[in-house]
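Would you mind keeping the following structure in view while I ask a few things?
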Amino acid sequence: MIVFEKPEFKNESAAAEKTDLIEKLLDIGAALSSAQDLGDLLNLILSKSREITYSDAGSVYLVDHSDETSKLLFKVAQNASKPSLSFKEFALPLTDKSLAGYVAITGQSLNLSDAYDLPPGVPYRLDTSFDRDIDYRTCSVMVLPMQNRQGETIGVLQLINRKTKADTVLTADNAWESTQQYSEWEERIVRSLASQAAISIERNQLQDSIEHLFEGFVKASVQVIEARDPCTYGHSERVAALTVRLSEEVNTVSSGGLRSIYFNNRQIQELRYAALLHDFGKIGVPEAVLTKQKKLYPAQLEIIRHRFGLAQRTMEMECVQSKYKYLLEHSTYRKHPSQEPECAQCQQIEQLDTKLAEAKTRLAEYWEVLLEANEPHILAAEPLAQLREISRQTYRDIDGAKKPLLNSDEILQLMVSRGNLTPEERSEIESHVTHTYEFLKQIPWTKDLKNVPDIAYGHHEKLDGTGYPRGLNKSEIPIQAQLMTIADIYDALTAGDRPYKRALRTEAAMKILRQEAAHNKINADLLELFDHRQVFSVLGHSLDVKVESA
């Protein structure tokens with residue numbers, strides 16, 4: 001019978017070290033996969049590389065091809081023996097004159113026992129000014145390319161001074177005796193780690209590129225909205241600024257009804273995008289309705305003006321014709337200076353002139369009433385009665401046919417009692433919310449931004465169910481949309497760039513918002529926070545300064 005005996009490790013401590021290293025590498029891989037911020041990722045790459053190689057210091061460079069001149073960006077530096085030193089990011093030319101530049105260009109690793117004593121004929125040199133500035137001594141150096149899956153070098157990892165004991169504090173005096181050259185085995189391990197790091201960096205840069213791309217798309221979308229409706233220029237950005245500031249204030253509340261609400265950074269970004277895009281659906285609203293400033297459209301008012309002019313010329317012509325007919329019928333009438341002006345013929349002619357003057361005066365008064373009624377303010381009882389009178393007036397067209405001075409559509413528009421929109425036009429404007437939702441839901445949002453369409457969809461809903469377009473009540477309206485509603489109303493009241501209404505002072509706007517909260521239209525807790533923390537100050541507004549266009 002053959003008996004297998006348990007083998008004895010010649011060096012069990014070495015095996016334990018390798019096992020520990022493998023576990024560290026697995027942990028590093030997991031950490032690299034989860035890192036989101038580029039700065040955190042680069043610091044993690046460097047610190048873990050230093051940890052497994054006992055490196056005292058190191059740095060990370062990224063290759064930058066964003067313009068015509070390629071360069072290396074010095075992004076991160078660490079030095080265990082000089083922990084109080086601070087390093088600033090800077091750029092240096094991408095040439096083979098530096099250690100990092102040579103590795104970035106050639107893709108080859110450098111493993112130097114003494115960076116001050118380089119092989120003859122090499123193009124690179126160590127910049128010793130860093131050592132002189134901080135009273136340090138660079139000895140062993142390992143510089144490795146960080147290459148992506150296509151074999152392109154996107155960065156350089158530089159490790160400095162492989163210590164013989166991990167806890168040694170190096171000085172210019174003891175550096176040489178306390179350090180050693182990096183082994184080939186360490187080089188292979190770190191090169192593998194550098195490749196994995198490159199993939200993480202590339203993923204991070206890709207994520208940043210996607211976010212920048214989407215940020216550009218959002219800004220372009222806002223420009224499209226403002227191009228369609230120049231009167232509300234800047235509205236989307238102001239609403240976004242107010243909404244984000246209010247959400248940040250909500251995060252600080254520790255008591256009351258808002259204490260359980262907290263928005264993380266991604267949720268605040270989601271809310272910002274929803275606020276920036278909340279009016280995008282205006283591109284689906286007819287431009288004439290969207291930019292309408294008064295009750296009548298400019299073309300309508302111009303047509304009516306010509307109609308009033310035609311009516312006056314017609315009255316003048318009819319007066320002349322009446323005079324001419326009278327003169328023909330009374331051919332013996334000759335006006336003479338010596339005649340008495342009270343003669344019957346003279347009186348008849350003067351009556352025709354008086355009648356014409358009265359008609360022209362009345363027509364001018366009608367025009368003034370029309371202009372007053374055309375303004376988008378609350379229509380009082382007297383102008384309403386005058387409009388009804390005008391609606392019964394007629395004139396003779398050039399073909400002699402009797403026609404109304406104002407047609408039914410014009411009367412309907414002028415008799416709008418509040419604002420400047422007819423019910424049909426208001427419905428067109430309100431449809432922008434649905435258009436916004438239909439547009440936004442077509443975008444393949446990431447998991448962090450998936451609520452953008454629903455948040456934007458609810459910004460005109462009211463807590464009591466009287467909002468639009470769906471008539472939701474409080475429990476059905478996302479809290480983010482409730483924040484945005486307050487910001488949207490505030491900016492609509494205080495904006496000074498709308499020609500159809502005057503800008504309100506902050507205090508006047510807040511009074512209206514308080515009334516809305518008292519009638520259960522908007523969230524009273526959020527409004528109290530908005531007021532108490534003076535969220536409107538993000539636009540430069542205050543309670544004692546007249547609001548101007550932001």
> Is any side-chain heavy atom of R228 less than 4.5 Å from a side-chain heavy atom of E287?
Replying inline: yes
>> I'd like to know whether NE2 of H306 has more than 12 heavy-atom contacts from other residues, nucleotides or ligands below 6.0 angstrom.
In response: yes
>> I'd like to check L277 versus T436 (side-chain heavy atoms, cut-off strictly below 4.5 Å). Are they in contact?
In response: no
> What do the steps show when you test T466 against D464 for side chain to side chain donor-acceptor pair (under 3.5 Å), and what is the final call?
Replying inline: CA-CA 6 Å; T466 60; D464 62 353; 2.7 Å; yes
>> I'd like to know if the side chain of E461 reaches the main chain of G458, judged simply by a donor and an acceptor atom lying under 3.5 Å from each other, with no hydrogens or angles considered.
In response: no
> When you look at L539 and Y490, which way does the side-chain contact (heavy atoms from CB on, under 4.5 Å) test go after all the steps?
Replying inline: CA-CA 11 Å; L539 303 183; Y490 176 84; 4.3 Å; yes
> Is K295 reaching over with its side chain to a backbone N or O of V416, donor-acceptor style, under 3.5 angstrom?
Replying inline: yes
>> Taking salt bridge (charged side-chain N to carboxylate O under 4.0 Å, His left out) as the criterion, tell me which of E248, E237, E215 meets it with R272.
In response: E215
> In chain order, what residues pass the side-chain hydrogen bond (donor to acceptor under 3.5 Å, both in side chains) check against K450, with sequence neighbours excluded?
Replying inline: none
> Hey, are T69 and D67 close enough side-chain-wise for a donor-acceptor pair under 3.5 Å?
Replying inline: no
>> Filter on salt bridge (Lys or Arg N to Asp or Glu O under 4.0 Å), then keep only pairs touching residues 296-314, sequence neighbours left out; what's left?
In response: E302-R305, R307-E410, R313-E316
> Which heavy atom in H459 sits nearest to a heavy atom in D279, and how many Å separate them?
Replying inline: NE2-OD1, 3.7 Å
> Are side-chain heavy atoms of T252 and R533 found at a separation under 4.5 Å?
Replying inline: yes
>> Atom CG of residue position N265 - does it have more than 12 heavy atoms of other residues, nucleotides or ligands inside 6.0 Å?
In response: no
> If we only count heavy atoms from C-beta on, is the Q482 to I479 side-chain gap below 4.5 Å?
Replying inline: yes
For residues 507-514, which side-chain donor-acceptor pairs fall under 3.5 Å, sequence neighbours excluded?
unit_1: E507; atom_1: OE2; unit_2: R514; atom_2: NH1; d: 3.1
unit_1: R514; atom_1: NH2; unit_2: D531; atom_2: OD2; d: 3.0

> Is there side-chain contact between E270 and F263, with heavy atoms separated by less than 4.5 Å?
Replying inline: no
> So does Q267 have more than 12 non-hydrogen atoms from other groups sitting under 6.0 Å from CD?
Replying inline: yes
> Do V285 and S431 have side-chain heavy atoms sitting under 4.5 Å apart?
Replying inline: yes
>> Check the orientation of Y468 and H432. Use parallel for under 30°, tilted for 30 to 60°, and perpendicular for over 60°.
In response: perpendicular
>> Angle between ring planes, Y437 versus Y457, binned at 30° and 60°: parallel, tilted or perpendicular?
In response: parallel
> Got a second to check how far I390's CD1 is from L414's CG, nearest 0.5 Å?
Replying inline: 8.0 Å
> Are V535 and L529 side-chain neighbours, meaning at least one heavy-atom pair lies under 4.5 Å?
Replying inline: no
>> Taking the basic N atoms (NZ, or NE/NH1/NH2) and the acidic carboxylate oxygens, is any pair closer than 4.0 Å for R238 and E226?
In response: no
> Can D64 and S66 be counted as having a side-chain donor-acceptor contact under 3.5 angstrom?
Replying inline: yes
> Hey, is NZ on K521 packed in by over 12 heavy atoms from elsewhere, all under 6.0 Å?
Replying inline: yes
> Does a side-chain heavy-atom distance below 4.5 Å link V538 with L242?
Replying inline: yes
> How are the rings of F90 and F74 set relative to one another: parallel (under 30°), tilted (30 to 60°) or perpendicular (over 60°)?
Replying inline: parallel
>> Using the rule given for side-chain contact (heavy atoms from CB on, under 4.5 Å), can you reason through Q386 versus E368, listing the C-alpha separation, both sets of side-chain angles and the distance that settles it, and then say yes or no?
In response: CA-CA 11 Å; Q386 292 172 323; E368 291 302 319; over 6 Å; no
